[in-house]
Amino acid sequence: MQTSYFALFQLEPRFALGIGDLETAYRTVASRVHPDRFAQAEASSQRWALESATTANEAYHTLRKPLTRARYLLEMRGVETGRASTLSPAMLMEQMDLRESLEDARESRNVRALDALAALVKSRAAVLKGLLEIQIDTHRDDTGAARSVEEWLYIEKLITNIENARALLED
Amino acid sequence: MSLLSISEPGHSEAPHQHRLAIGIDLGTTNSLVAVVRNGMPMVLHDEDGFKLLPSVVHYLGEGRVVVGHAAKAAQASDPFNAVASIKRLMGRGMADLSDAQRLAYRLHHGSHGGIQNGSHAGLPAETKQGSLEGPKPGLAVGEGMVRLETRDGLRSPVEISAEILKALRLQAERALGGELVGAVITVPAYFDEAQRQATKDAARLAGLNVLRLLNEPTAAAVAHGIEGKGEGVFAVYDLGGGTFDISVLRLSRGVFEVLSVNGDSALGGDDFDLAVYHWILGQSKLAEPSPADRCRLMQQARQAKECLTTHVEADLFARLNTGLIVNLTLTRETLDALSAPLIAKTLIPVRKALRDAGLVIDEVQGVVLVGGATRMPAVQRAVADCFGRAPLTDIHPDEAVALGAAIQADSLAGNHQAGGEWLLLDVIPLSLGLETMGGLSENIIPRNSTLPVARAQDFTTFKDGQTAMSLHVVQGERDRVADCRSLARFELRGIPPMAAGAARIRVTFQVDADGLLNVSAREQSTGIEAGIVVKPSYGLGDAKIAAMLQDSHRHAERDANLRALGEQRLEAERLLESIASARRADGEEWLSAEERVDLEMAVARLKLAMGQDDTSEIRNASDTLNRLCTPFASRRMDKAIHQALRGRELIDFA
């Protein structure tokens, strides 16, 4: 009997989500099930608390980030993402260009170029977020949403790489 | 408070009886013990009125041990038997230590045999079927934790720390005059799993029931948060004697949520002393002083550093064994110059922690300073500059950690929570990874994941009829396994023989609220639980532990057996009572007819076992009963939580 992460927090299974509502619900659940609340309880309760708190943490962190939330919603609808086969050739080209810009900035130790690239890539993520809301909540266009998720996954990797490059220059 | 008889969390079932639990700040230089009395946390004094117990253990020979001020005073005259800063060696092997650290002790590799060590008392009994209590302390493959040569023979850092903890336990028992339910012991947030496990082992060896290992900066935040009732994002900058931690927390409506931690578990006030010591050597043109002279000069260095907190100049004077007299003046300017590189080293983790929390410096509403070394004016200035605001200092930087630990201990002991209902959500400081092909580490649990956390990973066999496989778990942020710390090698046995690639073994890595790892494995198609054998990368195998237990606890065996029986009975009584009360309340509606029969049978079996004083049978019967109750309890609790989310109180259902 597996309840969905949305059901656990008594939230509608939608991509558009009030972060405040999620935080409140998470805190309420975490306050009830955290192992600290069962430090003097019998073993079965402690085991239950450990499992429940683990699930609550997993659920909260999955739903909190828009990308993992989108993937989770698609998974609930039986759509797997993260296989990269759905990326169109045009997008692939764009990603390769971005990657090249990152390499250039990294080699020339150009912090400004890194920041500009980060801003560009993050604005693309923001567009995808808007798009996913329409695709998942309004049109229920799972195929389109899966494509957006794949693109976002690429972008997310790029953001991590940009941040790592920046961190190396800073330290 | 138990799950079956759902009562308000945080309340004890016997509300009139205050259960005694202590908080211990086990520091590199000094240790403290605190307790909550009448709702107020306070640090306990020893018989001479001192709050700080120097973390120094002096071995006098023939098993006589002195801890604290007297031991500290003996350092210069007996440097290798009066052991200081042992925390820096917890969970560490020879390869982990710097040359300077090696010089300060008479060290041996841990793999040397014949060492008496009772650090794993109780471990085999606690190893659960199909899962395990986490890997035991140890280090790089084939090498154990270092041992120190003392007048009383080789001692492990675990045993030496246990002496400090024992002294604190006795101090608390004297002051409180009652039996302790347990203790919360603080550890640097940046301690890895081996250092945590070593700390927990030391506590057990000292006769303490560990309610929780709590991160030091989190403890300080609790002390501050409960006092100040602040809301928002705080940073805790904790520079102790031997470790540096930075934590970023969000405090919101009674929930302390740690967003990120970072640090350096080998950087602290000791390193500032060492910088001054090297300055002395340079100024006096000394090459390599004798151990006793080294101790003298180190003490002078420390005193000068402390003096410069309030003065602008400090005099150093020492008469060495060689007859040479050292007489120097250290100015604050010089100290600042000597400290600058060390302070700069702390700001790198600060930036990393903020980055991991996804915050910029302006979003931090307050900075809390913790640890004796933060009294240095240069440190305070650097922190103020970095955050663009003056640090908060309303709680004594030496006491905040112990006070926070006491508040947490009091709550975990089942007493009504001090300062209204609150909750701590902490994180794992370093990523856990698995060794893959080519010596690379594949991340399974990323750093700064909120605890408790679990990840499952599926594996398969590559040979027909393969029944075993091995996994290597490492901790650290680097890509190469060789650059991470090896935690343990797990061997899965008892995989049902199948064609190559047909078995699907799901291995679950569960990190509990103490930050300790448990691993369990199950073959998915048959449901067969694979047995797990841990080969700690360091530390000792199970057989060796068993042998040591026999040696060191022969006398204690009878007592331990009696105690185990008592504990098991108590646990069983509690279980029976909670089942009875749950059933009285609304329990029957959650049970099918079949479940009711099973439950009654199990209850009868447990009662029978209790009548026969058979510890293991009581344990088995309790386990069975617990297993039967879990789904039943879950159904009630799930409903209760849903009700709570609709704004109703759980107490309505009790």
Side-chain angles (χ1 to χ4, degrees), chain A residues 1-3 6-11 19-62 64-65 68 118 122 159-160 162-171, chain B residues 1-4 9-10 12-13 19 181-182 211-212 252-255 257 348 351-352 355 408 411-414 421-425 449-455 510-514 518 571-572 574-575 578 622-623 625-631 633-634 637-638 640-642 644-646 650:
Chain A
M1 176 194 68
Q2 182 98 27
T3 43
F6 288 97
L8 175 68
F9 296 130
Q10 305 215 322
L11 295 166
I19 291 296
D21 295 342
L22 176 65
E23 280 179 357
T24 308
Y26 166 65
R27 293 209 173 107
T28 308
V29 173
S31 292
R32 297 296 176 193
V33 303
H34 196 277
D36 282 2
R37 298 282 190 251
F38 298 88
Q40 301 296 318
E42 74 273 17
S44 73
S45 302
Q46 289 185 342
R47 203 169 351 167
W48 179 88
L50 180 66
E51 280 165 17
S52 304
T54 301
T55 308
N57 285 337
E58 176 75 26
Y60 172 62
H61 291 286
T62 302
R64 200 172 198 289
K65 284 180 278 196
T68 47
K122 280 180 184 163
I159 292 175
T160 312
I162 295 171
E163 278 169 359
N164 287 345
R166 214 183 175 296
L168 273 179
L169 290 185
E170 256 182 26
D171 302 336
Chain B
M1 174 194 61
S2 68
L3 175 61
L4 285 161
S12 157
E13 277 189 342
R19 299 154 68 102
V181 175
L211 296 169
R212 174 79 74 242
S252 172
R253 285 180 296 141
V255 178
E257 188 184 355
I348 298 168
R351 281 197 294 271
K352 284 186 183 159
R355 219 160 27 224
Q408 168 83 332
S411 161
L412 291 180
E421 196 173 301
W422 50 273
L423 180 72
L424 275 187
L425 297 170
S449 296
T450 308
L451 297 175
V453 61
R455 283 283 182 290
Q510 169 87 59
V511 183
D512 65 16
D514 287 327
N518 275 262
E571 177 81 5
R574 206 143 55 174
L575 179 62
S578 55
S622 294
D623 282 351
L625 191 52
N626 257 320
R627 250 197 316 279
L628 282 174
C629 284
T630 304
S634 301
M637 198 66 185
D638 285 343
I641 281 170
H642 281 197
L645 282 168
R646 283 186 214 120
L650 282 171

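Below, chains carry the letters A, B, ... as their sequence lines are ordered, and counting in each starts from 1. All values below were derived from every heavy atom in this structure, side-chain atoms included, with hydrogens, water molecules and symmetry-related copies excluded.
For S449(B), the side chain to side chain donor-acceptor pair (under 3.5 Å) test picks out no residue, with sequence neighbours left out. Judged as a side chain to side chain donor-acceptor pair (under 3.5 Å), and not counting sequence neighbours, R253(B) has no contacts.
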Would R455(B) and E58(A) count as a side-chain contact (heavy atoms from CB on, under 4.5 Å) if you check the C-alpha gap in whole Å, the side-chain angles of each, and the deciding distance to 0.1 Å? CA-CA 9 Å; R455(B) 283 283 182 290; E58(A) 176 75 26; 3.1 Å; yes

What's the verdict on side-chain contact (heavy atoms from CB on, under 4.5 Å) for Q40(A) and V181(B), showing C-alpha distance, side-chain angles and the deciding distance? CA-CA 10 Å; Q40(A) 301 296 318; V181(B) 175; 4.0 Å; yes

With side-chain contact (heavy atoms from CB on, under 4.5 Å) as the criterion, how do Y26(A) and V255(B) come out once you've worked through the C-alpha distance, each side chain's angles and the decisive distance to 0.1 Å? CA-CA 11 Å; Y26(A) 166 65; V255(B) 178; over 6 Å; no

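Across all their heavy atoms, D36(A) and L412(B) have their closest contact at O-CD2, 3.4 Å. When all heavy atoms of E257(B) and Y60(A) are compared, the closest pair comes out as OE2-CE2, 4.0 Å.
For E23(A), the part sitting under 4.5 Å from any heavy atom of chain B is the side chain, from C-beta outward, and nothing else. Only the side chain of L211(B) comes within contact range of chain A, judged by heavy atoms closer than 4.5 Å. Looking at L451(B), only its backbone comes within 4.5 Å of chain A, counting heavy atoms on both sides. Contacts between V453(B) and chain A at a heavy-atom distance below 4.5 Å involve the backbone alone (N, CA, C, O).
Counting heavy atoms from C-beta on, the side chains of L425(B) and H34(A) come closer than 4.5 Å.
Note that OG of S44(A) and CG of L628(B) are 10.0 Å apart. Values are rounded to the nearest 0.5 Å.
In this structure a side-chain-to-backbone donor-acceptor pair under 3.5 Å is missing from N626(B) to E42(A).
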